[in-house]
*Asks:* 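Here it is, the structure, as structure tokens.
Atom set for the values below is all heavy atoms of this structure, side chains included, hydrogens, waters and symmetry mates excluded.
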Amino acid sequence: MAKKRAREADGAAEAAPDKMVEDSDSSDDDDFDMVNVDFEWFNFDPEIDFHGTKSLLRQLFDIDATLFDISGLADLILSQPTIGSTVKVDGKEADAYAFITALNLHEHREKKPISEFTKYISEKAQTNEALARIPDLLSSGNHIGLVLSERLINMPSEITPPMYSMLIDEIEAAVEDKEPYEFTHYLIISKTYHEIESTLDVEERKRKKGKQDSTLFYFHPEDEALQKHALAYGSYPYTKTDDAIADSKRAFQEMGIISRGSMILIEASKFAGAAKAISDHLSPPS
């Protein structure tokens, strides 16, 4: 498991990245080749990580990504290089396969990318009674840490615990340095999905009208653990949902999927415990 990257006095990244090795082997001698992957943790670098961060943000915000200033949001993330991490496999110069960061919504409230995004999540919170306390909290003047984390779909979830533990260590170090990261709450933006009936066969769809699977699934398995420590959590519909339900995306499936945004609000005093719960949740049974 990777350890926390040291914060140098001037805020520069440590030269040697932390690593975690992902092994894949088979119990059969020759059925599969072993795959050895070194995951390396780096601080954000504005000269390298702009496009990779933008791409992962688009994936995180799904079909509503076009509603935001993704470039401005990426620039803001890159402006605080010692808060959060990128995870790569081909050295520092490569695009990130995953990232995590925390932005102070109150500190950046006057900046357009944050003001627009805060308005969006406030409006979305009003669509779900479970999220009802979030709009008032966002306008209360409290320092809310907006946690953004995303990874490529085929990345192992085991990289998540060190991402969160590093983030907590870095925030603690930043607070010691009198930087504006002393949060009262953390608001984690994520996404979920559920299956829906395909519309390929219109007559069949009409015959089964109203019948669909409402089972909720998680893009990020760690969300299940985080929710157990949450003050509030719930999902919300994307604004551009109607634009996304296209048969071309599920032409060979009996069932399609529809994704939804998700929010998890955790009090700052419980955030470290929630992060530890991720490790317990994702650890394989002994």
*Asks:* Pairing donors with acceptors under 3.5 angstrom, does anything connect the side chains of Y181 and E172?
*Replies:*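 The answer is no; no qualifying pair exists.
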*Asks:* Answer whether the closest heavy-atom distance between the side chains of I121 and I134 falls below 4.5 Å.
*Replies:* no
*Asks:* Working to the nearest 0.5 Å, report the span between CG of L265 and CD of E267.
*Replies:* 7.5 Å
*Asks:* Kindly say whether I114 contributes a backbone atom to a donor-acceptor pair with the side chain of T118 at under 3.5 angstrom?
*Replies:*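 The answer is yes, because a donor-acceptor pair under 3.5 Å joins these two groups.
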*Asks:* Taking atom types as modelled and ignoring hydrogens, do the side chains of Q227 and Y218 form a donor-acceptor contact shorter than 3.5 angstrom?
*Replies:* yes
*Asks:* What's the shortest heavy-atom distance between L131 and S235, and which atoms?
*Replies:* CD1-O, 4.2 Å
*Asks:* Under 3.5 Å, is there a donor-acceptor pair between the side chain of S139 and the main chain of D136?
*Replies:*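 Indeed, once roles are kept as given, a pair shorter than 3.5 Å links the two residues.
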*Asks:* Could you measure the distance from the OH atom of Y164 to the CD1 atom of I278? Nearest 0.5 Å is fine.
*Replies:* 5.0 Å
*Asks:* Hey, mind stepping through T192 and F217 against side-chain contact (heavy atoms from CB on, under 4.5 Å) and telling me if it holds?
*Replies:* CA-CA 6 Å; T192 60; F217 299 92; over 6 Å; no
*Asks:* Any side-chain heavy atom of V87 sitting closer than 4.5 Å to one from E40?
*Replies:*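 In short, these two side chains do not touch, never coming nearer than 4.5 Å.
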*Asks:* Would a 4.5 Å heavy-atom cut-off, applied to side chains only, mark E93 and I48 as touching?
*Replies:*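 E93 reaches I48 side chain to side chain.
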*Asks:* Looking at T160 and S157, would you say the former's side chain and the latter's main chain have a donor-acceptor pair under 3.5 Å?
*Replies:* yes
*Asks:* Answer whether the closest heavy-atom distance between the side chains of Q59 and I153 falls below 4.5 Å.
*Replies:* yes
*Asks:* Where do F183 and A102 come nearest, in terms of heavy atoms and distance?
*Replies:* CE1-CB, 4.4 Å
*Asks:* Indicate whether the side chain of Y120 and that of D64 have a donor and an acceptor atom separated by less than 3.5 Å.
*Replies:* yes
*Asks:* Under 6.0 Å between ring centres, would you say that holds for F61 and F117?
*Replies:*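 So the answer is yes for these two rings.
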*Asks:* Nearest 0.5 angstrom please: L73 CG to L60 CG, how far?
*Replies:* 9.5 Å
*Asks:* Please walk me through it: do F99 and L148 pass side-chain contact (heavy atoms from CB on, under 4.5 Å)?
*Replies:* CA-CA 8 Å; F99 84 92; L148 302 175; 4.1 Å; yes
*Asks:* Taking atom CD of E116 as the centre, does the number of heavy atoms from other residues, nucleotides or ligands within less than 6.0 Å exceed 12?
*Replies:* yes
*Asks:* Do you know the tightest heavy-atom contact between S190 and D223?
*Replies:* OG-OD2, 2.5 Å
*Asks:* Locate the shortest heavy-atom distance separating I168 from A275; write the atom from each residue and the value.
*Replies:* CD1-CB, 3.4 Å
*Asks:* Could you tell me if H220 and E150 have a donor-acceptor pair between their side chains, going purely by distance under 3.5 Å?
*Replies:* yes
*Asks:* Determine yes or no for a side-chain-to-main-chain donor-acceptor pair under 3.5 angstrom, with S149 supplying the side chain and T101 the backbone.
*Replies:*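 Such a contact is absent between S149 side chain and T101 backbone.
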*Asks:* Output, in order, the C-alpha distance, side-chain angles, deciding distance and verdict of side-chain contact (heavy atoms from CB on, under 4.5 Å) for N128 and Y236.
*Replies:* CA-CA 7 Å; N128 186 338; Y236 56 88; 5.5 Å; no
*Asks:* Just verifying a value: how many Å separate E107 CD and L76 CG, rounded to the nearest 0.5 Å?
*Replies:*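 Here the rounded value is 10.0 Å.
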*Asks:* How long is the gap from CD1 on I100 to OG on S85, to the nearest 0.5 Å?
*Replies:* 7.5 Å
*Asks:* Answer yes or no: is there a side-chain heavy-atom contact under 4.5 Å between R133 and L231?
*Replies:* yes
*Asks:* Mind checking the CG-NE2 spacing from L216 to H194? Nearest 0.5 Å is all I need.
*Replies:*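 One gets 8.5 Å once the value is rounded to the nearest 0.5 Å.
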*Asks:* Tell me, do T53 and F44 make a side-chain contact under 4.5 Å, heavy atoms counted?
*Replies:* yes
*Asks:* So, N104 side chain and H106 main chain: donor-acceptor pair closer than 3.5 Å or not?
*Replies:* yes
*Asks:* Indicate whether any N or O donor in one side chain lies under 3.5 Å from an N or O acceptor in the other, for K124 and T239.
*Replies:*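 Looking only at side-chain atoms, T239 and K124 do form a donor-acceptor pair, the distance falling under 3.5 Å.
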*Asks:* Determine whether a donor-acceptor pair (N or O, by modelled atom type, separation under 3.5 Å) exists between the side chain of S165 and the backbone of P161.
*Replies:* yes
*Asks:* Decide side-chain contact (heavy atoms from CB on, under 4.5 Å) for Y186 and I264; before the verdict, give the C-alpha distance in whole Å, the side-chain angles of both, and the deciding distance to 0.1 Å.
*Replies:* CA-CA 8 Å; Y186 289 87; I264 305 172; over 6 Å; no
*Asks:* Assess whether a salt bridge exists between R151 and E222, defined as any Lys/Arg side-chain N lying under 4.0 Å from an Asp/Glu carboxylate O.
*Replies:* yes
*Asks:* Please tell me if the side chains of Q80 and E179 come closer than 4.5 Å, counting only heavy atoms from C-beta onward.
*Replies:*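 Q80 vs E179: side chains apart.
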*Asks:* Is there side-chain contact between F271 and V147, with heavy atoms separated by less than 4.5 Å?
*Replies:*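 Touching, per the 4.5 Å side-chain cut-off.
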*Asks:* Name the residue from D38, D49, D95, D45 that meets the salt bridge (Lys or Arg N to Asp or Glu O under 4.0 Å) definition with K88.
*Replies:* D49
*Asks:* So does G84 get a backbone contact from the side chain of E170, meaning a donor-acceptor N/O pair under 3.5 Å?
*Replies:*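 Judged by distance alone, yes, a pair lies under 3.5 Å.
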*Asks:* What is the minimum heavy-atom distance between A225 and A277, and which atoms define it?
*Replies:*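 For A225 versus A277, the nearest heavy atoms are CB-O, 3.8 Å.
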*Asks:* Going by atom types only, do T184 and H143 share a side-chain donor-acceptor pair under 3.5 Å?
*Replies:*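 Result is no, nothing qualifies.
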*Asks:* Thinking salt bridges, do K191 and D62 make one under a 4.0 Å N-O criterion?
*Replies:*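 Yes.
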*Asks:* Report, as yes or no, whether the 6.0 Å neighbourhood of atom NZ on K54 holds more than 12 heavy atoms from other residues, nucleotides or ligands.
*Replies:* yes
*Asks:* Measure across S115 and R109 and return the closest heavy-atom pair with its distance rounded to 0.1 Å.
*Replies:*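 Heavy atoms of S115 and R109 come nearest at CB-O, 3.4 Å.
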*Asks:* Is there a donor-acceptor contact under 3.5 Å from the side chain of K92 to the main chain of F42?
*Replies:*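 No.
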